[in-house]
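Here's the structure, in structure tokens; my notes come after.
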Amino acid sequence: MHFPSVFSSSTASPLPTLSDSAMDPPLPVSSSEPPKDIFSEPPADTFKDPLNKTSAEKAASGGLSKAQAAVPVKVAADEELDDLFSDSLGESGAAPVTDVLSAPQNDVIKKDIFEEPPKASTDLFGDDDDEDLFKEPLGAMTKKPQGSLFTEAKSEAKAARPEQSNSAAADLFTEEAFTVTPVVAAAKSSVNTSSKTNGLHSDEEDLFAEATVELSLDSPHNDRRKREAAKPSAPAPSLSASASTSKPQPKTLEELEEEEKEDTFDLNISVTNPEKVGKSTTSLSMFRSKQFTVRRRFSDFLGLYEKLSEKHAQNGYIVPPPPEKSILGMTKVKVGKEDPSSAEFVERRRAALERYLHRVVSHPSLLQDPDVREFLEKEELPRAVSTQALSGAGFLKMINKATDAVSKMTIKMNESDVWFEEKLQEVESEDQQLRKLHAMVESLVNHRKELSVNTAMFAKSVAMLGSSEDNTALSRALSQLAEVEDRIEQLHQDQASNDFFIFAELLADYIRLLGAVRACFDQRMKAWQRWQDAQNMLQKKRETEAKLLWANKPDKLQQAKDEIVEWEAKVSQYEREFERVSATVRKEVIRFEKEKSRDFKKQIIRYLESLLQSQQQLIKYWEAFLPEAKAIA
Amino acid sequence: MKGSNEDSAQSVNGSSIKITDVTQDGDTLTFAITSQKSSSSAGVCVFRTYEDFEWLQQGLFSQEDVPGLQGVIFPPLPSKPLPSTSLSQAKALKQLGFLALGDEWMIYCKALELYLQQVAAHTTLSKSKALYSFLNSSESPGKQCGKKGILNRLSQAMEEMRKEGHKDVDEFFQSERDSSTNLSALFKLSTEKFLDVVLNKQRLALACGHFSTSLHLCVNQDNPTAVAFSKICLKLSDIIEAVKINYEKVSDNDISTLGLGLDLESRYQEAKREMLFRRTCKLVELETANRNSERAKPNKKAIMEGVQKATQKEFDIISSVAKQEIEHYHRDRVSLLRDFLICWCEKQLSTARESSALLSQHLDACKKFAV
């Protein structure tokens, strides 16, 4: 609900702050209304501007996404702002940084923008990044120094949302990925979750010491960067003792920083993949440069999904679904409503896109898709064709339609492998459970927000008391109390944001993912159906041949024989396809489940850390207040 | 609280007064009150209902032979308890505020206890026969018809409210009245807002409970991966449960310390205002008497002057008693608030530390979780 210090990202990257942030729990939260809120400062305005600006740019480029079309009037205004923005960027960049500094968590955000913590949890922030950056010759534009950033689109600034989660997510998913051959990838389910846990990076370093490329802007610690993926054939290095039990997979990560420009707002997404330089393993040589910063519109993401879905869904792959389009949210943002909810919306979307991308690149097969590479690398993408079908509602509708169509099939699939049937049931019951949980979390978030509001009112009333009270010591104590309550209010807000971003979004993501899982089961059904149909056709052709033989029509006989051959081939092809799809589905589902567990575990740890930090802050506040109370005489 | 020890044999040791038990019978609550005389260690236990408390309060108001009684700030008696069986929680909250919260009327009992202790600690009121009878008589005195004594503001007619704004002759009192009005409103507001916060925390605890229970339902033992996921869900369930318990403790702390303190302070402020109002009424009466006396026809003049002199005397006594009371009040309320604030802070600190330790344990356990 707060807008992370987007601006902080630019400029400073003050190393010291970054390291500070390392200590902090992942979610940078502060920042909504309170004084520290950077949005109250000029940068906040610029925040609006980039939005407008980008829309302006977009408008200029001629493509108006649907959402934007809804607010055509805005375009003109945007253009003006464009200039404004470019000028103010520097300033905005600077200002927020300072603000951000006051809030440790924000530092993290800053960091995020510029560097992508490769995948890990928060503590990845180190000071080394910058050095590393310059050490490595980078092919592509690197975002590192603020300067480069600014050369990019101005909009870079935005979005520094807690990246940790993303990086973490990336970690989770990247674990198994990266092997060139599917075989290798599939087999290892072990994940080194431990690598993800906060602070356990050292193992990585040891493991991948030989990794060459590393730029990882984001990973503060050099060791982290060393995740270099050894060639797929390289033996998976065993994690150092500190790591968890599982063995880490060699990882290939490429580092990227993306700036996503929605029609009216910018998103900064960081995906990091250290790239391996110098070794040309197929999987690695895909990416030419180590760091990329590209701008993508929201519709580009949808377009990516569409392409991936077309190509892979029918083979039984679980293609991660993109975040949903929200006309209402976007309209609010475009209209420039500067209220917490629109900031929250932007942040939410940015985080969702980042997670989406992480899932895509951590999928071993999808990572190799040229469309993905193009998405990550190419400067300008052709505007995605009508992505309406992929709006949130549209997406779900699509899934549901597919599901319905399949279930309407009169032929009940002769399930040779009961595993699939059971799994499908599990998936469905899980879907229900997750939806229920999601509703609970939302209720929790609302209560916390309410608590925050009530606490603020209480704080105000106590402040008034303090100023009216005659007894000086009591008056001072009451004023102190008002301040304590104010800070507690901030804690409540932060906690609400955490609840939301950690859990609500996690659950929502998985509900959508389960939809994708169901879709892939459907694809398998379709493959089966094709096979069965082919078999039926073959049977018919055989019958025809038999009839022709009996009727003794030699001229048509040859044709019939040809057709039989043709259909025999088809039957065997479809059978093979079905088997292949089944195997893929099976593999995918297993991988999905493991990732789900890892994902949830990671988020829970993140949540716990934020709870713990909250409590510790609370302790500090009470400890500071106690002497004041005792001093009343 | 005030725990003064009186010397006279008859007097009760204020700090020894405790409400040890409360039982509910339908709509009636019966309180068990124990106390000790200051001169002996023998304890007395009596059973009283709310009516008895009202009787006591009335008795205090209607004491005769106490000069300047109207200048006394009477310890405020909490409102009548509304057992939740008969009325909804919302109504109880409206009437009693914080005193309606807490388990088993504990907070309410505490408030009653404080009331008795304050009466017993008051130099004038502690000598009242009504108090003695209340604390010692085995019979319930509440059934007796109380004499009409000083009326509380609540029973005063609306037209008397006008007098509230009557200008004072004494600067000290004028400023006391002004600040009283102001502070009393602010305290009331703060108490209300704090109540909102506490109720919100309770709702939050409830929501956490629901979430935690739902997580429990996500158990699936079919295959190893599902088992792993179930374990994670259960772990989260435990964590959320811990969060819920923390919120419950925090809100309990709030209620039993600061909530009670703010409630008491609010009611005491009201009591002070009432005293000041009574004095103001007397002032009005005096000024009327003065006017009457001046304008009186010669045949009535002597009587009027007599009335005037008597009223003047009463007023002066009331004022001097009031001044003393106000000084005591200022001193006592500050120490009261101080105690409550310290208690609140210490309790919250200790709860936060406990919670922090527990969360830390959970965090360590989670990190070791093999997935």
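Order of the sequence lines fixes the chain letters, A, B, ..., with proteins taken first and strands second; residue numbering starts at 1 for each chain. These numbers come from a predicted model, not from an experiment.
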Can you measure from CD (Q348(B)) to CD1 (I488(A)) and round to the nearest 0.5 angstrom? 8.0 Å

Can you confirm whether more than 12 heavy atoms, excluding those of K423(A), are under 6.0 Å from its NZ atom? yes

Select one option (side chain, backbone, both, neither) describing which atoms of K620(A) are under 4.5 Å from chain B's heavy atoms. neither

Check whether any side-chain heavy atom of L612(A) sits under 4.5 Å from a side-chain heavy atom of S360(B), and report yes or no. yes

Of all of K460(A), M457(A), E485(A), which one pairs up most often with chain B through heavy atoms under 4.5 Å apart? M457(A)

If you check every heavy atom in residues 243-256 of chain B against those of chain A, which residues fall under 4.5 Å? V243(B), N246(B), Y247(B)

Between E422(A) and chain B, with a heavy-atom cut-off of 4.5 Å, which part of the residue counts as in contact: side chain, backbone, both or neither? neither

Worked verdict on D196(B) versus F458(A) for side-chain contact (heavy atoms from CB on, under 4.5 Å): CA-CA 8 Å; D196(B) 287 341; F458(A) 175 59; over 6 Å; no

So which residue, T191(B), T351(B), L206(B), V334(B), ends up with the most heavy-atom pairs under 4.5 Å with chain A? V334(B)

Interface residue of largest heavy-atom contact number with chain A, from R331(B), E192(B), R203(B), under 4.5 Å: R203(B)

Please look at F503(A) and chain B and tell me whether the side chain, the backbone, both or neither of the residue comes under 4.5 angstrom of a heavy atom of that chain. side chain

Test your reading of the model: is there a side-chain donor-acceptor pair from Q615(A) to the backbone of A352(B), 3.5 Å cut-off? yes

Among L478(A), T455(A), L481(A), the residue with the most heavy-atom pairs under 4.5 Å to chain B is L481(A)

Walk me through whether K596(A) and F229(B) qualify under side-chain contact (heavy atoms from CB on, under 4.5 Å). CA-CA 8 Å; K596(A) 182 181 68 173; F229(B) 186 66; 3.8 Å; yes

Donor-acceptor contact present, side-chain Q433(A) to main-chain L217(B), <3.5 Å: yes

Does a side-chain N-to-carboxylate-O contact under 4.0 Å join R333(B) and E469(A)? yes

What residue in S429(A), S468(A), S614(A) has the most heavy-atom pairs under 4.5 Å with chain B? S468(A)

Option in L341(B), L199(B), L204(B) with maximal non-hydrogen atom pairs under 4.5 Å from chain A: L204(B)

Closest-packed option against chain B by number of heavy-atom pairs under 4.5 Å, given H447(A), Q616(A), E430(A): H447(A)

Would you mind checking which part of I342(B) comes under 4.5 Å of any heavy atom in chain A, side chain (CB onward), backbone (N, CA, C, O), both or neither? both

Atom pair OG/CD1 of S356(B) and I619(A) - distance to nearest 0.5 Å: 4.5 Å

Region of L474(A) in contact with chain B, defined by heavy-atom distances below 4.5 Å: side chain

Hey, is NE2 on H330(B) packed in by over 12 heavy atoms from elsewhere, all under 6.0 Å? yes

Check ion pair K630(A)-E346(B) (N to O, under 4.0 angstrom): yes

Part of L337(B) within contact of chain A (heavy atom distance under 4.5 Å): side chain

So, do K193(B) and N454(A) sit near enough that their side-chain heavy atoms are less than 4.5 Å apart? no

So, taking the atom named CG in L618(A) and the one named OG in S355(B), what distance separates them when rounded to the nearest 0.5 Å? 8.5 Å

Checking E628(A) against chain B: side chain, backbone, both or neither under 4.5 Å from a heavy atom? neither

Option that, when pairs with chain A are counted at under 4.5 Å, heavy atom only, ranks first among C233(B), A207(B), A242(B), S350(B): A207(B)

CG on L437(A) to OG on S214(B), rounded to 0.5 Å: 5.5 Å

Check whether any side-chain heavy atom of L189(B) sits under 4.5 Å from a side-chain heavy atom of M464(A), and report yes or no. yes

Heavy-atom contact with chain A under 4.5 Å, split by part of I240(B): side chain

Residues K201(B), E450(A): salt bridge by 4.0 Å N-O rule: no

Considering all heavy atoms of both residues, which atom of I232(B) and which atom of S597(A) are nearest to each other, and what is their separation? CD1-O, 3.2 Å

Below 4.5 Å from any heavy atom of chain B, which atoms of I604(A) appear? Answer side chain, backbone, both or neither. side chain

Here the gap from W344(B) atom CH2 to F625(A) atom CZ, rounded to the nearest 0.5 Å, amounts to 6.0 Å

Output the distance between atom NZ (K188(B)) and atom OG (S461(A)), rounded to the nearest 0.5 Å. 14.5 Å

Contact between L186(B) and V462(A) at the side-chain level, heavy atoms closer than 4.5 Å - yes or no? no

Strictly less than 4.5 Å between heavy atoms, which residues of residues 178-185 of chain B line up against chain A? Please order them by number. S179(B), N182(B), L183(B)

